[in-house]
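First the proteins, then the strands, lettered A, B, ... as listed; each starts at 1.
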Protein chains: 2
Amino acid sequence: MAPTRATIEDVARAAGVSRAAVSKVIRDAYGVSDSMRERVSAAIADLGYRPRVAARAMRGSSRTVGVQLPRVDNSFFARILVGVFDHLEGTGYQTILAPMTHAANGKAALESLVDRQVDAIIAVAPAVSQTWLEQLGLRVPLVQIGQHDDPEHYDVVTGDDEEGSRLVMAHLFELGHRRIAHFTVDQRALSDPPADPHLARTRIYDELMTERGLPTDTRAIPLTEEAAYAETISLLSLADPPTALFAGHDELALGALRASAERGLGPEEFSVVGYDDVPIASHPLIGLTTIDQFGEEMGFLAASLVLERISGRTGSVLRQTDPVLRARRSSARISSATQAAGAD
Amino acid sequence: MAPTRATIEDVARAAGVSRAAVSKVIRDAYGVSDSMRERVSAAIADLGYRPRVAARAMRGSSRTVGVQLPRVDNSFFARILVGVFDHLEGTGYQTILAPMTHAANGKAALESLVDRQVDAIIAVAPAVSQTWLEQLGLRVPLVQIGQHDDPEHYDVVTGDDEEGSRLVMAHLFELGHRRIAHFTVDQRALSDPPADPHLARTRIYDELMTERGLPTDTRAIPLTEEAAYAETISLLSLADPPTALFAGHDELALGALRASAERGLGPEEFSVVGYDDVPIASHPLIGLTTIDQFGEEMGFLAASLVLERISGRTGSVLRQTDPVLRARRSSARISSATQAAGAD
DNA sequence: TTGAAAGCGCTAACAA
DNA sequence: TTGTTAGCGCTTTCAA
């Protein structure tokens, strides 16, 4: 049968000391003699004792940072996670992940983290209002990644979506594109004021197209590769199809490339630009032009901010990563034939 | 200031009942009158009460299934996770993820799950010995995904790696390849007996090559795209390079394709076959020939097995998914020129 | 430097 | 059907 797990009491008895003494040793607390530390450590090793997180959480801290993630099968979120783990590793804080389930609205995942009494929360692109996050930030050290909030009680890490979008549009304009479509987020539980990064991208797209007197063609779709594929098919079936697409992010861009590749269209006929620079984007067979917003760095920053808050810092800190354009072969100068075809 | 969180005591007081009564209501336990249920529910809603996981875990169950994952930035593991979440959602069990950190050996992640008193564990490709897992299985309902263990105290879900590898090799032979290289796992904390899926793949590769009197060329490398890229470069620099590669899994295959694409080599000169069928493999620009081993289904199976164990089943159950070859454009019939160049 | 003892929030006997 | 009560394993005053 499974032997019952050793408790602090067992260790105390084995070492011939009090429970309090053992507690002090495992927490490396002040006021323990060397001989006591040795005896206790020996007993701990002997019994294979490991403190239970639940019992510790009852009296103090769970020594855990909780991360909420919208989806686990998204390469950009994975980049962020890598950054978070890199920073938290060796800090004495464990990390647990509460991925949003299908039904979930983000709230559920964050609440489950609170129920576990995590010492801090890193919320990645949470689909909850800023007001709700403020409440949460009041109770637990909190860092939000992605949304352009302007909070009082938590920190925020984002990319500079406006600058990134300007880089995208300038790139496409320079390549001669004028009929440029744009994919952006579908209806979403948008916070008030709207802070979704996709909204910033769309805003710049609108602004720069309008500035040049060009008609906009924005399509709000679910943020999935499938949706982007389907929408691109319909885009390319237009009498006068666009010559370029600014996809809201790389997953959408990959879906668009799926459609254009199936039709045998190259970048001279249909250029595609994404956002995020997921790892596969740099693969020579894909060569997706995109914006690198340094997901690992975002995760790393969020982790350090959250540690600061655990240490007592309040107020709010905003951090942004600087976007960089990665020009690859999915975008190219428009061919003269294509250009002529689309002439008014 | 942050108001202090409501406890079961607060709810009891507000509803004018005992703590036990509240406990029964939230656990949907037997023996509660409708009127009491109503009053208590009202008080719970009123106070925004949520039970603390730690306190519940002290007395019984944490209602949590823990998942251990080697890496979070791997598309195949992501497929497995999606399957696990799909199944566990709505079962009343929460899921938490303990991803292996860099230093970790898998043991650390699993132990941290035990420290949290999860009700069950799903271990994905854990780098620990079968002996160690048996110990763990004795203490907590456990399902292992990936390794070909033959356990007594936990369940196992794997693909049929031998059959999958036969499909790969038959495919390459049929396309006329005879000089076939193979990438497999580097030194790893291999259990005893060796149960790693990569070993099974290599075994079949060896067997089938030898059967045909062909020389094997197996290269044990770290399981990263970078390592595969570098190794492929050196492979292609050989005087008499192989015409095909059976990569241990898709990430390695993508690294190999990176190298061959950079050299402008098509599948007629250098065919690449992977394993896993990660989502990007089916992208027309990649078109990676690979083995689908249905990651979501593996996760789904593991989740249902683990629920059975929670319900009291003991012994051990083994489940396998049937592999399917996805032939795409990364593999092709060897060109006559290439064939001639390599003739003995 | 060490130990005794209270109590964190909950569940599960058991009694009423 | 409802309430009383005894802990679960730890941390943390507070005394010794």
Side-chain angles (χ1 to χ4, degrees), chain A residues 3-41 43-44 47-64 92 94 111-112 114-119 139, chain B residues 3-41 43-44 47-64 92 94 111-112 114-119 139:
Chain A
T4 160
R5 195 176 180 189
T7 71
I8 201 171
E9 173 77 47
D10 300 329
V11 175
R13 206 165 18 228
V17 299
S18 70
R19 297 195 317 252
V22 179
S23 176
K24 280 177 188 160
V25 170
I26 60 184
R27 284 176 298 123
D28 226 350
Y30 177 80
V32 192
S33 69
D34 288 356
S35 74
M36 155 137 335
R37 188 188 315 283
E38 256 173 58
R39 275 163 60 208
V40 170
S41 301
I44 287 175
L47 299 173
Y49 167 73
R50 298 179 57 95
R52 253 145 279 209
V53 173
R56 306 186 90 169
M58 291 285 285
R59 289 299 285 164
S61 138
S62 61
R63 289 143 202 277
T64 306
Q94 299 242 337
E111 278 172 338
S112 88
V114 173
D115 295 343
R116 302 199 128 74
Q117 285 158 278
V118 295
D119 296 336
R139 313 178 130 288
Chain B
T4 161
R5 195 175 179 188
T7 71
I8 201 173
E9 173 77 47
D10 300 328
V11 175
R13 204 165 20 228
V17 299
S18 72
R19 295 195 319 252
V22 179
S23 176
K24 280 178 189 161
V25 169
I26 60 183
R27 285 177 297 125
D28 226 349
Y30 177 79
V32 193
S33 68
D34 288 355
S35 75
M36 155 140 327
R37 189 189 315 283
E38 255 173 57
R39 275 163 61 207
V40 170
S41 301
I44 287 175
L47 298 173
Y49 167 75
R50 297 179 59 95
R52 253 146 277 208
V53 173
R56 309 185 89 170
M58 292 286 285
R59 287 302 282 161
S61 137
S62 60
R63 288 140 203 280
T64 306
Q94 298 244 336
E111 279 172 336
S112 88
V114 174
D115 295 344
R116 301 198 129 74
Q117 286 160 276
V118 295
D119 296 336
R139 312 178 130 288

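- Residues D119(A) and S62(A) form a side-chain contact, since some pair of their non-hydrogen atoms from C-beta on lies under 4.5 Å apart.
- With rounding to whole Å, I8(A) atom CD1 is found 12 Å from dG3(C) atom P.
- Straight-line distance from the CG atom of D119(B) to the P atom of dT11(C): 13 Å, rounded to whole Å.
- Contact between the side-chain N/O atoms of R56(A) and the OP1/OP2 oxygens of dC8(C) is not found at any separation under 4.0 Å.
- Contact check, Y49(A) against dC10(D): a side-chain N or O comes under 4.0 Å of OP1 or OP2.
- For R59(A) and A21(B), each mapped to the nucleotide of DNA chain D holding its nearest heavy atom, the one lying further toward the 5' end belongs to A21(B).
- dT1(D) atom P lies 15 Å from atom CZ of R39(B), rounded to whole Å.
- Among the atoms of the strands shown, none is found under 4.0 Å from any heavy atom of G60(A).
- Taking atom CE of residue M58(B) and atom C1' of nucleotide dA12(C), one finds them 15 Å apart after rounding to whole Å.
- When rounded to the nearest whole Å, the span between OH of Y30(A) and P of dT1(C) equals 5 Å.
- A residue-by-residue look at P51(B) and V32(A) shows that V32(A) has its nearest nucleotide of DNA chain C further toward the 5' end.
- Along DNA chain D, the nucleotide closest to Q117(B) and the one closest to D34(B) are compared, and the more 5′ of them pairs with D34(B).
- Under 4.0 angstrom from either OP1 or OP2 of dG9(C) there lies at least one side-chain N or O belonging to R52(B).
- Dashed line: the shortest gap from a side-chain N or O of S18(A) to OP1 or OP2 of dG3(C) is under 4.0 Å.
- With rounding to the nearest 0.5 Å, the separation of OG in S112(B) from CZ in R50(A) is 7.5 Å.
- One side chain, S23(A) or R27(A), offers a donor N or O that lies under 3.5 Å from an acceptor on the other.
- The closest side-chain heavy-atom distance from Q94(B) to D115(A) is not below 4.5 Å.
- The distance between atom NZ of K24(A) and atom C1' of dG9(D), rounded to the nearest whole Å, is 18 Å.
- At the heavy-atom level, A20(A) lies under 4.0 Å from base atoms of the strands shown.
- Spacing between atom CG of D28(B) and atom C1' of dC10(C) amounts to 17 Å, rounded to whole angstrom units.
- What separates CD of E9(A) from P of dT11(D) is a distance of 13 Å, to the nearest Å.
- If you check every strand for non-hydrogen atoms under 4.0 Å, S33(B) touches sugar and phosphate atoms only.
- Looking at heavy atoms from C-beta onward, V53(A) lies out of side-chain contact with Q117(A) at the 4.5 angstrom threshold.
- Of the candidate nucleotides dA6(C), dT5(D), dG3(C), dA6(C) has the atom nearest to the side chain of R19(A).
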